[in-house]
Amino acid sequence: MSDSTTDVEFDPKDPNHSQFDLVREGARRDGVEIVHYQPRFAVAGTKREKRIERAIAFLLLLTGLSALAFIVIYVAWPYKYEQGYHLDKLYTPLLGFTMGLALFGLGAAIIVWVKKLMPEEVAVQDRHDNNPDLVERQLTAATLMSALDETGIKRRPLLKGALALGAAPLGIMAIMPLGALIKDPHSKDEPLFHTGFKEGVRLVRQDGTPIRVGEVSAGGLETVFPGIPEGTTLKYADSPTLLIHLREEDAAEFKPRKGYENAHYGNYFAYSKICTHAGCPASLYEQQTNRLLCPCHQSQFDVKDSCRPIFGPATRRLPQLPITVDEEGYFVAKSDFKEAIGPAFWERP
């Protein structure tokens, strides 16, 4: 190494200068004084150095394998919820575990690399506010190249390969979740848009018996379910519906929503039982005022105004189920609900 002083103009193109001279000169011009610099290993290629390299390579490969496992789980593992004990319950924990292990491996590899392989250096640096000239830019570039050289990666093919194997899956892991952002949340296949009802499905009681016109008294209501296998079980927990029979004078004041003018049958109206605030059952019916009340947070819905929320935290109407009767006089659905049930969605189409 050659010495540089502030009394002699420094020529960065001087072939007698080593890379460290350029680095030290660049640091000096930026107000940085390197007071201590010493390689970790005076003799390259010792057993201890090789052992440290293998440890770093292991951590990088652990990073790569963990990131690769994350990608495989993200793409291939069953994630859709199924009732009972199934592999879908492990989807999120496994994603978190593999991502955490990948980040841990990368972080540990960097720490060991810096602490065990890179030269020891102590420097004092001043703040640099001026715009650098051409010479200073060259010196800065030399500083960066020196930092790269100090990592020793050029003469350590094992770590170079391990870094490539570890970093590539890690990069893919970072961008994989972005693929979910391009999925259409309003797809017809989205299960949150469907209940157990569809055209022709009868409205049945908890015990499975269908309901005829006239079996719900005027001013009363009945909780109904889709008349399909397991329609009254938790498998279709979003399907409970309130079949309401308005009195003649109340039905005359009913205000239908646009697009729902023919969704009722006579004075019978059907609305989702799931509150649009927090998903509780809004099943308390005040007959005198024709209001449905959710007992959880006191949201109230005006039945005569198509279940518009008039009090409490709920801000959306209860979805209405289009109904009619079949040839035998039983209530049936004309279609599924036309909008998502309850508060499960962050937005509605």
Side-chain angles (χ1 to χ4, degrees), residues 185-188 190-204 210-216 218-228 231 236 238-277 279 281-287 289-294 299-312 314-326 329-345 347-349:
H186 303 141
S187 170
K188 294 182 179 179
E190 175 55 59
L192 292 178
F193 280 113
H194 301 288
T195 68
F197 288 106
K198 62 181 181 180
E199 184 179 2
V201 172
R202 284 180 172 175
L203 280 59
V204 301
I211 301 178
R212 291 178 182 272
V213 175
E215 293 184 346
V216 179
L221 84 167
E222 180 87 37
T223 299
V224 295
F225 305 85
I228 59 175
Y236 295 96
D238 56 355
S239 300
T241 301
L242 296 172
L243 178 63
I244 303 172
H245 184 187
L246 289 181
R247 292 171 297 193
E248 191 68 32
E249 60 272 25
D250 295 326
E253 300 175 359
F254 181 77
K255 301 176 182 177
R257 292 174 62 186
K258 184 178 180 181
Y260 287 83
E261 291 83 357
N262 299 315
H264 62 282
Y265 182 80
N267 295 341
Y268 292 87
F269 302 80
Y271 291 95
S272 171
K273 192 176 180 178
I274 311 300
C275 181
T276 54
H277 169 235
S283 56
L284 297 181
Y285 183 45
E286 192 175 69
Q287 189 183 66
T289 60
N290 291 291
R291 293 180 179 180
L292 283 171
L293 171 68
C294 177
S299 293
Q300 294 185 24
F301 304 88
D302 186 354
V303 176
K304 291 195 299 182
D305 195 3
S306 298
C307 281
R308 178 176 61 86
I310 56 176
F311 184 80
T315 59
R316 297 191 297 268
R317 299 173 187 266
L318 294 177
Q320 185 174 0
L321 179 69
I323 58 172
T324 185
V325 296
D326 60 16
Y330 292 108
F331 283 106
V332 296
K334 296 172 71 175
S335 70
D336 197 353
F337 287 93
K338 297 180 180 179
E339 55 189 323
I341 298 300
F345 255 75
E347 62 173 315
R348 296 193 170 200

Exercise. Can you sort out the partners of Glu249 under salt bridge (Lys or Arg N to Asp or Glu O under 4.0 Å), two or more places apart, ordered by chain and number?
Key: none

Quiz item: Looking only at heavy atoms, what is the nearest atom pair of His277 and Pro343, with distance?
Solution: O-CB, 3.2 Å

Self-check item: Which residues share a ring pair (Phe, Tyr, Trp, His ring centres under 6.0 Å) with Phe269, sequence neighbours left out
Solution: Phe254, His264

Quiz item: Could Lys334 and Tyr265 be counted as a cation-pi pair, given that NZ or CZ must be under 6.0 Å from the ring centre and within 45° of the axis?
Solution: no

Quiz item: Taking it one step at a time, do Ser335 and Lys198 satisfy side-chain contact (heavy atoms from CB on, under 4.5 Å)?
Solution: CA-CA 4 Å; Ser335 70; Lys198 62 181 181 180; over 6 Å; no

Exercise. Would you mind reporting whether Ile310 and Arg308 have side-chain heavy atoms less than 4.5 Å apart?
Key: yes

Quiz item: Side chains of Val204 and Val224: does their closest heavy-atom pair fall under 4.5 Å?
Solution: no

Quiz prompt | Whether Ser239 side chain and Pro226 backbone form a donor-acceptor pair below 3.5 Å | solution = no

Self-check item: Contacts of Val332 that satisfy side-chain contact (heavy atoms from CB on, under 4.5 Å) - sequence neighbours left out
Solution: Arg202, Thr324, Asp326

Self-check item: ring pair (Phe, Tyr, Trp, His ring centres under 6.0 Å) partners of Tyr330, counting only residues at least two apart
Solution: none

Self-check item: Check against side-chain hydrogen bond (donor to acceptor under 3.5 Å, both in side chains), Asp238 and Thr195
Solution: CA-CA 6 Å; Asp238 56 355; Thr195 68; 5.5 Å; no

Quiz item: With sequence neighbours left out, what residues match Glu286 under salt bridge (Lys or Arg N to Asp or Glu O under 4.0 Å)?
Solution: none

Self-check item: For Arg212, salt bridge (Lys or Arg N to Asp or Glu O under 4.0 Å) partners two or more places apart
Solution: none

Quiz prompt | Tyr268 and its side-chain contact (heavy atoms from CB on, under 4.5 Å) partner, picked from Leu246, Ile323, Val325 | solution = Ile323

